[in-house]
Amino acid sequence: MDIFLQQIINGLTLGSVYAIVALGYTMVYGIIQLINFAHGELVMLGAMVAFTVIGALAGTALPPVLIVIAGVVAAVPVCMLVGYTMERIAYRPLRNAPRLAPLITAIGISIILQHLALLIWGRSPLAFPQIIPLVSYTIGGAIITGVQIAIIAISLLMMGGLTLIVYHTKLGIAMRATSQNPQVAGLMGIDIDRIISFTFIVGAALAAVAGVMVGTYYGIAHYTMGSLLGMKAFSAAVLGGIGNLAGAMLGGILLGIVEALGAGYIGSLTNNVFGSNYQDVFAFLVLIGVLVFRPSGLLGERVGDRA
Amino acid sequence: MRHLEVAYGGIKAVKGIDLSVPKGELVCLIGTNGAGKTTTLKAIAGMLPVAADAVLYDGAPIGGLRAFQLVRRGLALVPEGRGVFGQLTVAENLAMGAYVRSDAAAVKLDMERVFNLFPRLAERRGQSAGTLSGGEQQMLAIGRALMSRPKLLLLDEPSMGLAPLMVQKIFETIRAVAREGVTILLVEQNARLALEASSRGYVMETGLITLSGPARELLSDSKVRAAYLGETD
Ligand SMILES: Nc1ncnc2c1ncn2[C@@H]1O[C@H](COP(=O)(O)OP(=O)(O)OP(=O)(O)O)[C@@H](O)[C@H]1O
Ligand SMILES: [Mg+2]
């Protein structure tokens, strides 16, 4: 088996998920300069809601693909509503407050959402029912599963769709205008409150799908799963250049690959002093590295260049 | 506008001014730096909170409305310093000017009209606005405001920082727009050009209107000549 190729495939899979989640961070940052630390919890909520629906339908005669789609269809609106609500009641009143206030609020919302999930779903993880037959293909000595192909394909589709919206629709142009200069955007007749709500809703929808994907991939969902995943996706957004859409996509995929390669080789490189259980460290090494050597990220403009 | 007052924090920047812009006319507001001209325009355009009945537009109080709502009513402000979206292309900037319109075909035609008016913009339609020269950015800012088909156009120092030739071009455009029947309130440092283009003028000093009247009279007023036209006689 080719470890290198295998780890690239695994890295691409997880990296696509990071990219989708990172987009949520970066879009919100781009428009209101807030790091929405509660974004990871939307991923968790998406997974939990979807797993509940999938679990309930698992015994029926429905084809597995339809069951998973039903899970997504349930998770997306729930997350959209939560995303919209958090902006509406928590961040909007703080829009002109010192920047630390909404940041701390975001951490607070994150804790609230986690504990809400704990109340609803309990302490033990939800398991993904064995409904999807294991399909796998061998390429060049590495294995890629059907689930991995689906995750990569769906992520790429969503990235393409989002890029189309942001760069080729009036609404998307208005989003970019608002992020550059909200006051002048208002003079164009753009209701910036609506644009901000829209941004949260889109980010939340992406997070919901990401939650279903990562849950399906690992086979479990748990009320704490959003924190680490969120922090990694945030690192990916910073790696790419926070506020920059292409950066979030690139950063997510790169981070996934770095992490997978790191996990694959750390054992042999350190004589098994460190094992692949150190996988989670890499994201943060990357984050620290970027903050030290290139704070604006790979594709981010230097702060002074912002219009 | 009646007895408009605007304060930043506790400090009143505009201390109760009365100013009216008759339909179809070009009126200018001149004054020294810090007089409150920009503040006045921002207040009219809904960018600053003011008493609801402090600003009347077509006879209706609009003081409480926000900027984005006023655009739909036909008000457009070209802000001081242009405020183009630097990372959007020229064409995207113009498209944002027409954000409130849904008649896509007519918007397209209007964009071509702006390009005819300012051929320099046409050549650069796919270029990001931040790379334009100051004069080109001013053309873009004016073109963008026209894209909303305003009934009342507010211009804040459109000649600021421009070379004399460009200033002339901008003023020609302003006159042309006025001839088409758009009502204009023009704030300017260049008092002579502004008064020559206007039917009426207002002079503002430290938050108050100190002089007003037909532009022709202001042009020959000795105080105006001394303070704003740099003449002594
Ligand atoms: N955001 C603000 N906060 C506090 N004070 C302000 C603010 N904006 C303007 N001012 C003050 O209000 C007064 C009027 O400012 P304004 O910008 O309206 O002047 P102006 O007539 O447009 O001047 P200029 O010709 O220099 O553009 C000034 O004293 C200014 O310092
Ligand atoms: Mg001013």
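Chain letters run A, B, ... following the sequence lines, proteins first and then strands; every chain starts at 1. Just so you know, these numbers come straight off a predicted model, no measurement behind them.
In this structure, B/R72 CZ and A/D191 CG are separated by 8.0 Å, a value rounded to the nearest 0.5 Å. The structure places CZ of A/R176 at 7.5 Å from OG1 of B/T89, a figure rounded to the nearest 0.5 Å. Here the OG1 atom belonging to A/T178 is positioned 8.5 Å from the CE atom belonging to B/M96, to the nearest 0.5 angstrom.
The nearest pair of heavy atoms linking A/A177 to B/L88 is CB-CD1, 4.0 Å. Closest approach of A/V184 to B/P79, counting heavy atoms only: CG2-CG, 4.4 Å. Among all heavy-atom pairs drawn from A/L171 and B/Y99, the shortest one is CD1-OH, 4.5 Å. Nearest approach of A/G186 to B/V71, heavy atoms of both residues: O-CG2, 3.9 Å.
When heavy atoms are compared at a cutoff of 4.5 Å, B/A145 does not approach chain A at all. Only the backbone of B/R101 comes within contact range of chain A, judged by heavy atoms closer than 4.5 Å.
Sparse packing is recorded around CZ of A/R99, with 12 or fewer heavy atoms of other residues, nucleotides or ligands lying under 6.0 Å away.
Formation of a donor-acceptor pair under 3.5 Å by the B/Q87 side chain with backbone atoms of A/Q180 is not found in this model.
The shortest side-chain heavy-atom distance between B/R144 and A/M188 falls under the 4.5 Å cut-off. The shortest side-chain heavy-atom distance between A/I192 and B/F68 does not fall under the 4.5 Å cut-off. Contact check for A/D193 versus B/R66: side-chain heavy atoms found under the 4.5 Å cut-off.
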